[in-house]
Amino acid sequence: MIVARTVDGVRAALADRRGGTVALVPTMGALHGGHRALVRAARGACDTVVLSLFLNPSQFGDPADLNGYPRDEAADLDAAGAAGVDLVFAPTTDEMYPPGYQTWVEVTELGRMLEGEFRPGHFRGVATVCLKLFTIVRPDVVVFGQKDAQQVAVLRRLIADLHLELELLAVPTVRDPDGLALSSRNARLTPAERRRALALPRALATRDPDEARALLEEAGLDVDYVAIPPFHPPTIAAAVRAGSTRLIDNIPLETEVSR
Ligand code: AMP
């Protein structure tokens, strides 16, 4: 597995692989089974699998959230190697946002609802870093988790609006046996918070926003939103806070997951 730290390094490493197809799996590290499922889907779709490891500061409004995000690059490189990644792109913040950086991309409507309302500027950061990664890696296929359903909706819109020659593959959410969706943020939950957090998948399973909200509040979770947004496939989505940890989850209202 090659590890590239610079844009030039990625381009050089991919130069002799352009005869085949390239898949990109963007991540912020703290890799878990959800990320491994994305890599498997990428492996199944393309000849070369690139995984990016970049904790993107521009998508965090709250410095405490960014500073408290779990970081363990050595473990992430081991996990990427074991998952069969060909190339890891792990740039510094300066490589992605050098001094003088001032270009941003925004998906105006889809990026402002739900998560965008509670985390202003979040999707501007996501859309910008993803467009940069797409431009650097020039993948045929990009792979994202349905766990972040609004992110998928925003990026599908960006790809269509900017006529990018990319296929977006959305992978179903990977869950622990108790139903909690895998997330890098779960590591921050105390055992009591984790027990309360189990109300999140159970509430979504009602497929009814009012009923779900009542169950979440009953479990002692602070509810930011429960909604059925205009995403494809139709989805019920929620964001809650358990102590200082914010969790999001969603389930498709239909069983089919789109490609
Ligand atoms: P992150 O590192 O949290 O930005 O996530 C990187 C990618 O992994 C995103 O496309 C996420 O949607 C996806 N992802 C995160 N958690 C899961 C999960 N439990 N199941 C499937 N994909 C996931």
Side-chain angles (χ1 to χ4, degrees), residues 23-45 49-61 65-66 68-73 75-77 79-80 83 85 88-91 96 110 114-115 119 122-134 137 139 141-156 158-159 166-189 194 197-198 200-201 204 231 233 235 237-239 245-252 257-259:
L24 169 66
V25 181
T27 82
M28 298 200 297
L31 299 184
H32 53 62
H35 301 112
R36 281 196 292 277
L38 269 50
V39 171
R40 270 197 303 277
R43 265 271 67 97
V49 176
V50 180
L51 179 132
S52 59
L53 280 180
F54 180 59
L55 190 50
N56 175 34
S58 75
Q59 69 187 71
F60 287 83
D65 191 22
L66 175 62
Y69 204 88
R71 298 172 204 233
D72 186 347
E73 195 193 75
D76 286 340
L77 293 178
V85 168
V88 169
F89 177 40
M96 293 299 275
L110 283 168
L114 303 183
E115 286 300 291
R119 303 179 68 189
H122 171 66
F123 284 114
R124 176 184 189 251
V126 168
T128 301
V129 81
C130 285
L131 181 58
K132 284 169 69 70
L133 290 169
F134 298 169
V137 174
V141 174
V142 289
V143 186
F144 288 88
Q146 195 62 41
K147 157 86 167 38
D148 296 279
Q150 188 173 3
Q151 176 167 274
V152 167
V154 163
L155 294 174
R156 281 197 197 285
L158 175 132
I159 289 166
L166 286 177
E167 185 192 350
L168 189 154
L169 197 58
V171 173
T173 302
V174 178
R175 297 176 182 279
D176 269 332
D178 59 12
L180 191 66
L182 299 187
S183 164
S184 310
R185 290 193 162 86
N186 293 355
R188 292 197 208 155
L189 296 169
R194 198 196 146 91
L198 291 180
L200 182 52
L204 292 171
F231 302 160
T235 297
T245 305
R246 192 165 178 280
L247 299 173
I248 61 170
D249 196 359
N250 69 86
I251 58 168
V257 172
S258 71
R259 248 188 94 127

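We're numbering straight along the sequence, starting at 1. Both ligands and their constituent atoms are indexed starting at 1 by order of listing.
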Query raised in the report: Got an N/O contact under 3.5 Å between Asp148 and ligand 1?
Result: yes
Report summary line: The answer for which part of Met28 has a heavy atom under 4.0 Å from ligand 1 is both
Report summary line: Under 4.0 Å between heavy atoms, the region of Pro172 that gets near ligand 1 turns out to be backbone
Query raised in the report: Hey, is ligand 1 close enough to Val174 that some N/O pair sits below 3.5 Å?
Result: yes
Query - Gap between atom CG of Leu182 and atom CZ of Arg36 - 0.5 Å precision - result: 8.5 Å
**Report entry** Salt bridge Arg119-Asp65, side-chain N to carboxylate O under 4.0 Å
**Finding:** yes
Query raised in the report: Is Pro26 near ligand 1, meaning one of its heavy atoms is under 4.0 Å from it?
Result: yes
**Report entry** Gln151 and ligand 1 - part of the residue with a heavy-atom distance under 4.0 Å
**Finding:** side chain
Query raised in the report: Got a second to check how far His35's NE2 is from Met28's CE, nearest 0.5 Å?
Result: 8.0 Å
Query - Within-shell test, Tyr69 vs ligand 1, heavy atom, strictly < 4.0 Å - result: yes
Query raised in the report: Just going by heavy-atom distances, which of Leu55, Val25, Val143, Leu38 is nearest to atom 22 (N) of ligand 1?
Result: Leu38
Query raised in the report: Leu182 heavy atoms, cut-off 4.0 Å: which ligand 1 atoms fall inside?
Result: 16 (N), 17 (C), 18 (C), 19 (N)
**Report entry** Close approach, His32 and ligand 1, non-hydrogen under 4.0 angstrom
**Finding:** yes
Query raised in the report: Between the candidates Ala30, Gly145, Ala170, which shows the shortest non-hydrogen contact distance to atom 10 (O) of ligand 1?
Result: Gly145
Query raised in the report: So is His35 polar-close to ligand 1, meaning N/O to N/O under 3.5 Å?
Result: yes
